[in-house]
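Notes to accompany the following structure.
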Amino acid sequence: MKHKTKNHIRAVLLLLTVLAWQQAAAQSAETPTEPTAKKKKVLNTILADFNTGWITSEVTTPENTFKWRNGQGFGISYRRLRNDGYGIGLDFAHSASSYPSRSYGGEYHLNANYYGVSLLYGGFLSQKFIATVSIGAGCAYTFGSDESNVGFGLKQAIDVEYQLTPFVGIGAGIDHFINISTQQQPNGYEKKYAINGFKRLALHAGLRVYF
């Protein structure tokens with residue numbers, strides 16, 4: 001009888017040991033250590049944003065002079081961050097502004113596309129918040145009611161985002177674009193600045209997809 005009781009106790013202890021080991025393994029898989037979690041999170045990100053911005057350059061039309069003219073746009077970017085915080089990105093951005101002008105049927109449209117590559121630095125501020133800063137360069141395509149021009153573009157950006165899930169997040173930030181035109185003076189319009197082109201400051205917000 002005592003022998004059977006000892007066997008039962010050993011079996012129960014063995015069962016409890018196995019159950020404890022399984023629970024510890026499950027918890028370890030669900031909640032990895034902080035360095036492991038950060039290593040697996042957000043190396044690659046797709047950013048899709050809408051923005052509202054202002055052309056800070058002085059734009060002179062045949063009838064008037066404008067500055068800080070508001071317009072809307074959107075952008076799509078790819079970002080890859082290494083574990084040390086440095087990374088690279090690919091950027092596309094579109095903006096559209098309009099100016100009252102009787103010479104152009106009531107309104108003159110000024111649009112710009114930016115295609116560029118960027119250098120990044122950023123990382124996790126906490127378990128859910130991520131911040132990045134970037135500087136980029138590329139091609140700037142400007143087109144309006146009666147003109148188009150391909151030039152050089154620069155972009156600087158600050159972005160802060162929040163992870164809703166390991167795969168989806170939301171973000172917002174500030175962009176600063178410099179479009180340098182190869183055309184000295186577009187027809188009927190003069191962009192007055194230290195450069196031949198214009199500058200645009202924008203606020204953006206949108207979706208983040210992580211993989």
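As the structure is a prediction and not an experimental result, all values here were calculated from the model.
- Among residues two or more places apart in sequence or in another chain, the side-chain contact (heavy atoms from CB on, under 4.5 Å) test is passed with A205 by A172.
- Among residues at least two apart or in separate chains, there is no salt bridge (Lys or Arg N to Asp or Glu O under 4.0 Å) pair with a member in residues 112-122.
- Take F129 and apply the side-chain contact (heavy atoms from CB on, under 4.5 Å) test, not counting sequence neighbours, and it matches L125, S126, V160, Y162.
- Environment of CG in L90: crowded, with over 12 heavy atoms of neighbouring residues, nucleotides or ligands closer than 6.0 Å.
- A pairwise comparison of heavy atoms in Y210 and T45 identifies CD2-OG1, 3.5 Å as the closest pair.
- When all heavy atoms are compared, the tightest approach of L207 to G169 is CD1-O, 3.5 Å.
- Hydrophobic cluster membership differs between I174 and V133, with clusters built from Ile, Leu, Val, Met, Phe, Trp and Tyr side chains linked at under 4.5 angstrom.
- A pairwise comparison of heavy atoms in H109 and S98 identifies ND1-CB, 3.8 Å as the closest pair.
- When all heavy atoms of L81 and G122 are compared, the pair lying nearest together is CD2-N, 4.2 Å.
- N70 contributes atom CG, which lies 6.0 Å from atom CH2 of W54 (distance to the nearest 0.5 angstrom).
- The line from CG of L203 to CG of D49 is 11.0 Å long, rounded to the nearest 0.5 Å.
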- prompt: Are F177 and F198 close enough, and set up right, to give a side-chain contact (heavy atoms from CB on, under 4.5 Å), and what steps lead you there?
  reply: CA-CA 8 Å; F177 295 93; F198 63 87; over 6 Å; no
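- In this structure the side chain of F66 never reaches within 4.5 angstrom of the side chain of I55, judged on heavy atoms.
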task: Just do the side-chain contact (heavy atoms from CB on, under 4.5 Å) check on H204 and L47 with the steps written out, would you?
output: CA-CA 11 Å; H204 68 258; L47 304 85; over 6 Å; no
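- Shown here for A112 and N179, the closest heavy-atom pair between the two residues is CB-ND2, 3.4 Å.
- A distance of 4.5 Å separates NZ in K199 from CD1 in I178, rounded to the nearest 0.5 Å.
- Taking S97 as the reference, nothing meets the side-chain hydrogen bond (donor to acceptor under 3.5 Å, both in side chains) condition, with sequence neighbours excluded.
- From N149, atom CG reaches atom OH of Y141 across 9.0 Å, with rounding to the nearest 0.5 Å.
- For A157, the side-chain contact (heavy atoms from CB on, under 4.5 Å) partners are S134, K155, D175, not counting sequence neighbours.
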Let me check something: any side-chain donor-acceptor pairs from residues 113-121 under 3.5 Å, sequence neighbours excluded? List them with distances.
{"from": "N113", "atom 1": "OD1", "to": "H94", "atom 2": "ND1", "distance (Å)": "2.6"}
{"from": "N113", "atom 1": "ND2", "to": "Y115", "atom 2": "OH", "distance (Å)": "3.2"}
{"from": "Y114", "atom 1": "OH", "to": "A137", "atom 2": "N", "distance (Å)": "3.2"}
{"from": "S118", "atom 1": "OG", "to": "D91", "atom 2": "OD2", "distance (Å)": "3.1"}

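- Within a 6.0 Å sphere centred on CZ of F167, other residues, nucleotides and ligands contribute 12 heavy atoms or fewer.
- Atom-to-atom distance recorded for R79:CZ and I46:CD1 is 10.0 Å, nearest 0.5 angstrom.
- Distance check: Q163 CD to R208 CZ gives 12.0 Å after rounding to the nearest 0.5 Å.
- With hydrophobic clusters built from ILVMFWY side chains whose heavy atoms lie under 4.5 angstrom apart, L201 does not share a cluster with I158.
- Residue F92 qualifies as enclosed at atom CZ: its count of foreign heavy atoms under 6.0 Å is above 12.
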